[in-house]
Amino acid sequence: MKESLLDILCCPLDKHDLDLEDASGEDEIESGTLVCTECGERYPIEDGIPNLLPPDMREETPA
Amino acid sequence: MKESLLDILCCPLDKHDLDLEDASGEDEIESGTLVCTECGERYPIEDGIPNLLPPDMREETPA
Amino acid sequence: MSVREEFDAWAADGRDRGMEDRHWATAKHALGRMPVEPGDVVLDLGCGSGYAGRAIRDTYDAGRVYGLDGSPEMARNASGYTDDPAVGYLIGDFGALPFADDAIDHGWSMEAFYYAADPHETLREIARVLRPGGTFFCAVNYYEENVHSHEWQDRISVEMTRWDASEYRDAFRDAGLVVAEQDFVPDRDVEIPDESAFPTDDWDSRADMVERYREFGTLLTVGVAR
Amino acid sequence: MSVREEFDAWAADGRDRGMEDRHWATAKHALGRMPVEPGDVVLDLGCGSGYAGRAIRDTYDAGRVYGLDGSPEMARNASGYTDDPAVGYLIGDFGALPFADDAIDHGWSMEAFYYAADPHETLREIARVLRPGGTFFCAVNYYEENVHSHEWQDRISVEMTRWDASEYRDAFRDAGLVVAEQDFVPDRDVEIPDESAFPTDDWDSRADMVERYREFGTLLTVGVAR
Ligand SMILES: Nc1ncnc2c1ncn2[C@@H]1O[C@H](CSCC[C@H](N)C(=O)O)[C@@H](O)[C@H]1O
Ligand SMILES: Nc1ncnc2c1ncn2[C@@H]1O[C@H](CSCC[C@H](N)C(=O)O)[C@@H](O)[C@H]1O
């Protein structure tokens, strides 16, 4: 993801701003973590794609 | 014209309400005059059709 | 010549019905998109024969439909084509709409808007008479992209505004209308003869005629009042 | 099964591209109506292979286009189909959009909206993230009038909402969106074989297939944020 996406992203739960932590990548952010400045919830960025599913939908659930 | 049209009509010049004068007709108004409650401009109703052209466009002009 | 003189003559020799036949091929698609609900008050600007208002009333069970036209003869003809008491016609000019603020739920105009003496003022007037959330469906065949329409101005004495699609969007926004959609609606009904029939009286080549009707068609711009 | 499990499986076996092919026939017409201006930020909800966002970017010179999908495999595939730096994909759910208020100029969704667990909440979320005057183009093939789509629910484990056109209008309005237009967009591209080919594996009669594609097609509802 491009860093410019951060301008409009927010926490899906409480709609507060996100901080970017542990970012790596060159032109684009390949991995890192987005952290809600309010509730502290953490959202992973993997292979350049941020996963902003609410945490209860994010976990692997057996079929 | 139906009298209900009067609810939404106004003077094309100053947008003030219109009064209906000399109305004739049965279910519908066939002829009469619409008079602006503000500027006094008069608009004719002929054959059931109100003519709300601004007065300078209403007069017959030779081609 | 004035709008009245020009179009009174058209109405007198039956061109109101001729336009209705030609315009219906694209107008029906645009009319079908209107978000009119039962009971709504709808205004047709430059109604000509008045067919659009009658269709809106029949399709959507609109409460009242008014057709406004600057030509008394057009309004008179339109009036004669229906006895639906919920449809009315009146004579008026695009530049000075005789309606109260927020009085209209939805507005419609086919092949008429560009005759407005001051189209920007007309859009402001439309924005004024529409209630917030009301729509204005503006359909035109005469516009910049449609090169085949450019010569129409030579055949008519009333001055015509020739905007392109983006000028329509800009003008709507300048007048305070949100642009909700814009589309080129093709005319799929007009019959286009085989290659061998060209040139015809009206068309140099089949490709031109295909472009005019099947590609450009009618430019529809939909605005929403705030 | 969850949205993620169901659609991850679709993405893994290439159904993302299959849908793109089938949906393009009507999506292209709806996309062509969007009032996107250069520089605008556009969001594709339930992007699948992400083709709509790429088309919006190419056609309108949109500033940035984001595709959101609840299936990580869909988002990963979509990401792999482009290297345009102005196009991005993210994983998220319709019920909890990860965007700030007024952050999006225009929204788009094709054949995805009805998977929302709470469609009313999703519409409120869309109204929240759109800037005032922004539009939401919602296109669906699964809806009440399209009787040929009703059986689709049997083939998928995610619960689907089946509204008719007027329920879409009402729900948009309840969520604070103005309904600017609604249309049934026909699919004129799918080939419909001769009478003699029927019944086929999928269609009992030619008349049914004609009705499904050429008449019902895709239900498009366009909302405008206030
Ligand atoms: N300034 C103006 N004010 C009101 N009506 C006008 C006008 N300029 C043109 N018109 C009317 O607009 C119409 C254009 S012809 C189109 C008629 C009809 N809508 C149809 O689709 O067939 C004519 O009837 C003409 O009288
Ligand atoms: N609740 C939800 N939140 C986010 N995405 C969802 C969702 N429910 C379904 N989807 C996504 O919506 C898509 C529907 S398939 C349609 C894909 C694409 N728009 C096209 O036209 O082909 C799938 O990719 C699915 O993963």
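Just the heavy atoms: all of them, side chains too, but no hydrogens, waters or symmetry mates, feed the values below. Letters A, B, ... mirror the listed sequences (proteins, then strands); counts begin at 1.
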In plain terms, say whether R131(D) and D105(D) are close enough for a salt bridge, that is, a side-chain N and a carboxylate O under 4.0 Å apart.
-> yes
Indicate yes or no: does D40(D) engage R64(D) in a salt bridge with an N to O separation below 4.0 Å.
-> no
Identify the residues of residues 9-37 of chain A whose heavy atoms come closer than 4.5 Å to a heavy atom of chain D, ordered by number, or report 'none'.
-> L9(A), C10(A), P12(A), K15(A), E28(A)
Grab the two heavy atoms, one from E181(D) and one from D183(D), that are nearest each other, plus how far apart they are.
-> OE1-CB, 3.7 Å
Considering all heavy atoms of both residues, which atom of S49(D) and which atom of D16(D) are nearest to each other, and what is their separation?
-> CB-O, 3.7 Å
Contacting region of I104(D) [heavy-atom separation from chain A under 4.5 Å] = side chain
Relative to chain D, which segment of D47(A) carries a heavy atom at a distance below 4.5 Å: side chain, backbone, both, or neither?
-> side chain
Which portion of R128(D) sits near chain A, non-hydrogen atoms under 4.5 angstrom = side chain
Using the side chain to side chain contact (heavy atoms under 4.5 Å, CB included) rule, pick out the option among M74(D), R15(D), E73(D) that qualifies with F7(D).
-> M74(D)
Does a sphere of radius 6.0 Å around CG in D201(D) hold more than 12 heavy atoms from other residues, nucleotides or ligands, not counting ones at 6.0 Å or beyond?
-> no
is_close_aromatic(W108(D), H23(D)), centroid dist under 6.0 Å = no
Proximity breakdown for Y89(D) and chain A, heavy-atom pairs closer than 4.5 Å | backbone
State whether the side chain of R4(D) and the backbone N or O of G70(D) hold a donor-acceptor pair below 3.5 Å, judged by distance alone.
-> no
Should the ring pair H150(D) and Y142(D) be called parallel, tilted or perpendicular, given that the plane angle runs from 0 to 90° and is split at 30 and 60?
-> perpendicular
Name the member of G48(A), S4(A), P54(A) that forms the most heavy-atom pairs with chain D at distances under 4.5 Å.
-> S4(A)
Which atoms of P50(A) come close to chain D, meaning under 4.5 Å heavy atom to heavy atom: side chain ones, backbone ones, both, or neither?
-> both
Given the options S157(D), P85(D), G88(D), which has more heavy-atom pairs under 4.5 Å with chain A than any of the others?
-> P85(D)
Residue list, side-chain hydrogen bond (donor to acceptor under 3.5 Å, both in side chains) with S71(D), at least two apart or on another chain | D8(D)
Honestly, the part of V41(D) sitting under 4.5 Å from a heavy atom of chain A is side chain
